[in-house]
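Reading through the structure tokens given below for one structure.
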Amino acid sequence: MASKNEKRLFLTGASGLLGRAIHRTFKEAGWTVFGASLSRTGPDLQKLDLTDFGAVTAAITKFKPTFIIHSAAQRFPDKVSADPEAARRINVDATFHLAETADKYDIPLLYISTDYVFDGKEPPFKVEDKTNPLNDYGKLKLEGEEIVLAANKEHIILRIPVLYGPVEKLSESAVTCLLEPLLNVAKPTKVSDYEKRNPSHVDDISDICFNLATIRTEQKDTTISGIFQWCGSETYTKFEMVQLMGEVFSLPHVHVSKAPAPDAATSQSVSRPYDTRMDRSRLESRGIGKHTPFASGIKSALAAWVP
């Protein structure tokens, strides 16, 4: 039985790259966390299929959370395009059920969204700027945003950029996977020097989630609602990230060269926005937000993967 003042987080995607960081941040702060996961289960995690709506409702009503964070998603654009129906079930249908259930039981919900809701043409993008996703992933996440706010305008959206952090496999992040061509010195590789990104460490995003949840639940502050945005303070192309990784780990990187801009823009199977830098002022005006310098963040995240 939950005590009256107990802080209880219902977290989806708890075994994922961001989910693990959120789970740890809230647990260390004394929250009781229900960490829902499906394909990767482990200690402190509960196996739950988010598309089994009856099971989700039962889990929420039994756990009685004071806050919900929905971070589960199919977030790889190529996988979304390869199986759009499966992606819709988790990115849209499950989001609809969670948002409606949260509203029914008067539980604030924070939905993790993406910078891919923008087309990348005129950054930095403000919260109120027109969205124009270029691929199915961005379109589904935008649909999720609309569903969440339609269920309750006091629910919360947090748009975030490409993430990195401690990974279980290098392919878990579009940033950490860049270490693989760097380590394979025998194979000359071309890497995109086209798209500009502002990567964020998962610990920075989990800290923002914690602050939003704390202010909303402890102060009952309903101005913590609607859309917020965060991205890292440094802008890099993938090629520039590889170069910096090489410097950080003292690894040779002459075998990695720039892919010509036209190739980088057109050879991908899925269109991606050019520059997704987002305006962070709505969070910063509340004193929320932190940025881990990329060099130190990537060093701590990937040290175990470098021979």
Side-chain angles (χ1 to χ4, degrees), residues 1-38 40-50 52-53 55-73 75 90 94-113 144 148 151-152 154-160 163 165-166 200-226 228 230 283 286 288-290:
M1 184 73 178
S3 65
K4 184 177 180 181
N5 297 318
E6 188 178 4
K7 303 167 187 174
R8 300 174 68 81
L9 172 67
F10 186 92
L11 170 66
T12 73
S15 63
L17 179 65
L18 176 58
R20 295 194 300 270
I22 294 173
H23 194 286
R24 182 180 64 254
T25 296
F26 279 76
K27 286 271 287 187
E28 289 177 351
W31 285 57
T32 301
V33 181
F34 182 106
S37 67
L38 180 61
R40 292 179 288 181
T41 57
D44 282 342
L45 299 181
Q46 308 292 326
K47 188 176 180 66
L48 183 65
D49 181 355
L50 295 180
D52 183 343
F53 301 151
V56 172
T57 301
I60 290 174
T61 54
K62 181 179 179 180
F63 181 69
K64 294 180 171 55
T66 53
F67 199 80
I68 296 173
I69 296 179
H70 181 30
S71 75
R75 57 186 177 80
I90 185 65
T95 299
F96 178 85
H97 179 71
L98 277 167
E100 292 286 322
T101 304
D103 180 53
K104 179 179 179 180
Y105 294 104
D106 196 25
I107 308 164
L109 179 142
L110 189 162
Y111 170 76
I112 300 295
S113 190
V148 166
N152 189 326
E154 292 182 357
H155 283 334
I156 305 160
I157 309 293
L158 177 61
R159 292 174 178 157
I160 60 174
L163 301 179
S200 284
H201 196 288
V202 288
D203 288 352
D204 297 344
I205 304 302
S206 67
D207 180 76
I208 291 169
C209 291
F210 178 76
N211 278 284
L212 290 171
T214 299
I215 296 171
R216 177 65 181 270
T217 58
E218 290 186 1
Q219 300 177 20
K220 310 298 182 186
D221 186 344
T222 55
T223 65
I224 299 295
S225 62
F228 294 89
W230 189 261
L283 282 170
R286 301 297 297 257
I288 299 174
K290 71 171 188 174

Backbone of [Y] reached by a side-chain donor or acceptor of [X] within 3.5 Å:
X: Thr214; Y: Asn211; answer: no
X: Thr12; Y: Ser71; answer: yes
X: Arg286; Y: Ile224; answer: no
X: Lys64; Y: Thr61; answer: yes

Is [Y] close to [X] at the side-chain level, that is, under 4.5 Å between some pair of heavy atoms?
X: Phe26; Y: Ile69; result: yes
X: Phe63; Y: Arg8; result: yes
X: Ile60; Y: Ile68; result: yes
X: Phe10; Y: Leu98; result: yes
X: Arg216; Y: Thr222; result: yes
X: Leu163; Y: His201; result: no

Provide the closest heavy-atom pair for [X] versus [Y] in the form atom of the first, atom of the second, distance.
X: Leu50; Y: Ala94; value: O-CB, 3.7 Å
X: Ile215; Y: Ile288; value: CD1-CD1, 3.7 Å
X: Ser206; Y: Thr25; value: OG-OG1, 3.0 Å
X: Thr66; Y: Thr217; value: O-CG2, 3.7 Å
X: Leu48; Y: Ala59; value: CD2-CB, 4.3 Å
X: Val33; Y: His23; value: CG1-CD2, 3.6 Å

Notebook entry, point to check: In terms of heavy-atom contacts, does CZ of Phe96 have more than 12 from other residues, nucleotides or ligands at under 6.0 Å?
Noted result: no

Looking at [atom1] of [X] and [atom2] of [Y], how far apart are the two atoms once the value is rounded to the nearest 0.5 Å?
X: Ile157; Y: Leu110; atom1: CD1; atom2: CG; result: 8.0 Å
X: Asp207; Y: Leu212; atom1: CG; atom2: CG; result: 9.5 Å
X: Ser15; Y: Arg20; atom1: OG; atom2: CZ; result: 7.5 Å

When the side chains of residues 100-109 are checked against the rest of the protein, which donor-acceptor pairs come out under 3.5 Å, sequence neighbours left out?
unit_1 : atom_1 : unit_2 : atom_2 : d
Thr101 : OG1    : His97  : O      : 2.7
Thr101 : OG1    : His97  : NE2    : 3.4
Asp103 : OD1    : Asn152 : ND2    : 2.9

Next item on the list: Report the C-alpha distance between Leu38 and Lys47 in whole Å, list the side-chain angles of each, state the deciding distance to 0.1 Å, and finish with yes or no for side-chain contact (heavy atoms from CB on, under 4.5 Å).
Entry: CA-CA 5 Å; Leu38 180 61; Lys47 188 176 180 66; 4.0 Å; yes

Note to self: Between Asp203 and Arg24, is the salt bridge (Lys or Arg N to Asp or Glu O under 4.0 Å) condition met? List the steps.
What the structure shows: CA-CA 9 Å; Asp203 288 352; Arg24 182 180 64 254; 2.7 Å; yes

Next item on the list: Return the orientation label for the Phe210 and Trp31 ring planes: parallel under 30°, perpendicular over 60°, tilted otherwise.
Entry: perpendicular

